[in-house]
Amino acid sequence: MINNIYVVRDSNYENAVLLNKLTNEVFILTEDNAKKIECWIEDYQKGRLLPNEEAGLLDFCNKHFKMRHFTNSVSTMHMNITKKIAELRLMIQLGCNLKCNYCYAVEGTYRRETNPVMTDETGIAILDSIVNKGIRQIEHISFFGGEPTVYWKTIRTVCKHAKALHENGGLEVMPEFFVVTNGTILTDGLLETIKEFNIKMTVSLDGPKEINDRLRVDKYGKGTYDTILSNLNQMKSYGVLPQMIETTYTCVHEEMGLERFEIVNAIKEITGVSMVMIADCIDSYLSPINKESLNSSTNMILQAIRNVFAGDIKTPLELNALCLTASVIRQLFNKKVRNDVHCSSGYRSLCVDGNGDYYPCHRYVETPEYKLGNLILDNEIKIKRALTKDAVPKCSKCWAAQFCSSCTWEMLKNLDAQLEICEQRKTLYKHIVMEFINSEPRTKEVLFENMHKERLIKQIPIINQ
């Protein structure tokens, strides 16, 4: 048991925790006592404890932790068992009306030679097939591409059919709908569909006109800024503003002397959308020369987490920090299911193309060997048993494995590069745990209220005074 007990502490906090990785149980103790236990565990692992000292440490662990393991794990509690899909991502087409200069999906084709456009009939058949295979909940249905809004009628058909399945009892809950779009296509029918089914939109825009139009261009090299802004204004007048603007930071922004936070603020002002997500362009000649410092990024997120615990959530970064905090705290309270996967793709979520062929997520679409099958033709949903934490030595021995998540696709491409940012993640997880166990009851109440408001938890727990 002792090899699975970890001390999580920070000298800036009064209290620390002992974490039993086998059960996810925690025991709160003072920082001073935590340091002593940490030394004893280190001496035990190095064979330096006397027999009576080792027996005393074992008695201490047995006294405070139950001799049991998790009942299940994410990799075993997959969608065929739970009858629930967290996200169904529909690739409406593998094509795009734009030719953005840095597109990792190569004009939305994912390097596929043909473009399987999803028809109304295929969209209906996919949903019916899922229900016929025993799935009773689809939490999110997202429309992706390529550019999905070219075929907005299929989007409408899928939404209508999902609603019908819910109304006739095939689906126990009504799915939430999402679409990721370049914002250049807008019809009355699309506007009506977005409003009727409350589709949450993410629209891509890379900054002011002089920047965006060097990056996000159509097939003829013409910039898209004016079209996007015109469509955003039309959306606003119709009452369906996007939930989020997505921005890619490149060396073009650097040439213009604009920092990441300046681009975020500019886009907020331009669009009137408060949530702006910015990410560095990668694997491209347009990738920024000056990468965002890992230390700088960590410090910014740590401050955002402090703001979250202070109840101050105003910026996209603070909202992201709230989401991360909710994820860690949910796992802290989770004593039943071990989080043994880096990502739930292929276990709890699927990506389906226009032929009905399905993959763990959209990043796998370009690689035929990751095709799981055909959702319409197969008798059951096949599970992709990709890289698990147990298969990665560094992950299997890490105290934070229960809290951690990362892109399995990126890990399969370059495991070492992904493991490089582990220390940053552990710093963030530890800070959240320390903040939480050292917080006053009222602070926790406000935290849970904010999580509930953002639908990150289903109900607000009762806090013991």
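FYI, the numbering just counts along the sequence from 1.
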Test item: side-chain donor near acceptor, [X] and [Y], under 3.5 Å:
X    : Y    : value
D390 : S396 : no
K153 : T157 : no
Q243 : T202 : no
N334 : Q331 : yes
N212 : D206 : no
E147 : N182 : yes
T193 : R156 : yes
T443 : E445 : no
D120 : T154 : yes
N97  : T184 : yes
S230 : T227 : no
N265 : E269 : no
R216 : T224 : no

> side chain to side chain contact (heavy atoms under 4.5 Å, CB included) between H342 and C395: does it pass, once the steps are laid out?
Replying inline: CA-CA 9 Å; H342 298 95; C395 299; 3.4 Å; yes
Atom pair [atom1]/[atom2] of [X] and [Y] - distance to nearest 0.5 Å:
X    : Y    : atom1 : atom2 : result
H78  : S344 : NE2   : OG    : 13.5 Å
K84  : I138 : NZ    : CD1   : 12.5 Å
L332 : S327 : CG    : OG    : 11.0 Å
Y358 : I376 : OH    : CD1   : 11.5 Å
C343 : M411 : SG    : CE    : 11.0 Å
F403 : I329 : CZ    : CD1   : 10.0 Å

>> For S287 and S284: C-alpha separation, side-chain torsions, deciding distance, then whether side chain to side chain donor-acceptor pair (under 3.5 Å) applies.
In response: CA-CA 5 Å; S287 297; S284 168; 4.9 Å; no
Nearest heavy-atom neighbours spanning [X] and [Y]:
X    : Y    : value
Y429 : A400 : CD1-CB, 3.8 Å
S349 : I85  : CA-CG2, 4.3 Å
F143 : I141 : CZ-CG2, 3.9 Å
P242 : L232 : CG-CD2, 3.5 Å

With the side chain counted from C-beta on, respond yes when [X] and [Y] share a heavy-atom pair under 4.5 Å apart, and no when they do not.
X    : Y    : answer
E318 : L322 : no
R136 : V173 : no
H253 : I211 : yes
F197 : K163 : yes
K83  : M79  : no
M235 : M201 : yes
W152 : T187 : yes
N339 : K389 : yes

>> Checking Q137 against L171 for the side chain to side chain contact (heavy atoms under 4.5 Å, CB included) test, could you report, in this order, the C-alpha distance in whole Å, the side-chain angles of both residues, the deciding distance, and whether it holds?
In response: CA-CA 5 Å; Q137 291 186 29; L171 290 174; 5.9 Å; no
Looking at [X], I'd like to know if its [atom1] atom is crowded, meaning that more than 12 non-hydrogen atoms belonging to other residues, nucleotides or ligands lie closer than 6.0 Å.
X    : atom1 : result
N379 : CG    : no
E369 : CD    : yes
K222 : NZ    : no
K397 : NZ    : no
K453 : NZ    : no
K160 : NZ    : no
K219 : NZ    : yes

Please determine if [X] forms a cation-pi arrangement with [Y], meaning its NZ or CZ atom is less than 6.0 Å from the six-membered ring centre and no more than 45° off the ring axis.
X    : Y    : value
R363 : Y104 : yes
K371 : Y364 : no
K200 : F178 : yes

> Using 30° and 60° as the class limits, which term best fits the ring planes of H362 and F144: parallel, tilted or perpendicular?
Replying inline: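 The rings of H362 and F144 sit tilted, inter-plane angle from 30° to 60°.
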> Under a 4.0 Å N-O cut-off, is there an ion pair linking E423 with K430?
Replying inline: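 No.
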> Is it true that R214 and E255 make a salt bridge, defined as a side-chain N closer than 4.0 Å to a carboxylate O?
Replying inline: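 Salt bridge: yes.
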>> Run the side chain to side chain contact (heavy atoms under 4.5 Å, CB included) test on N320 and M277 for me, step by step, so that the C-alpha distance in whole Å, both residues' side-chain angles and the decisive distance to 0.1 Å come before the verdict.
In response: CA-CA 10 Å; N320 289 340; M277 180 67 68; 3.3 Å; yes
>> Between R260 and D280, is the salt bridge (charged side-chain N to carboxylate O under 4.0 Å, His left out) condition met? List the steps.
In response: CA-CA 9 Å; R260 292 163 182 81; D280 282 4; 3.0 Å; yes
> How far apart are the C-alpha atoms of K99 and D218, what are their side-chain angles, what is the distance that settles it, and do they pass the salt bridge (charged side-chain N to carboxylate O under 4.0 Å, His left out) test?
Replying inline: CA-CA 5 Å; K99 192 176 182 179; D218 65 16; over 6 Å; no
I'd like to know if the side chain of [X] and the backbone of [Y] have a donor-acceptor N/O pair within less than 3.5 Å.
X    : Y    : result
S439 : E435 : yes
K133 : D378 : yes
T298 : Q424 : no

>> Under the criterion salt bridge (charged side-chain N to carboxylate O under 4.0 Å, His left out), I'd like the reasoning laid out for R112 against D353: C-alpha separation, chi angles, the key distance, then a yes or no.
In response: CA-CA 11 Å; R112 297 268 286 269; D353 72 14; 2.9 Å; yes
>> Quick one, K195 with E192, criterion salt bridge (charged side-chain N to carboxylate O under 4.0 Å, His left out). Give me CA distance, side-chain angles, the key distance, then yes/no.
In response: CA-CA 5 Å; K195 192 165 190 175; E192 291 168 4; over 6 Å; no
> Can N307 and Q303 be said to form a side chain to side chain donor-acceptor pair (under 3.5 Å), step by step?
Replying inline: CA-CA 6 Å; N307 294 346; Q303 184 56 55; 3.0 Å; yes
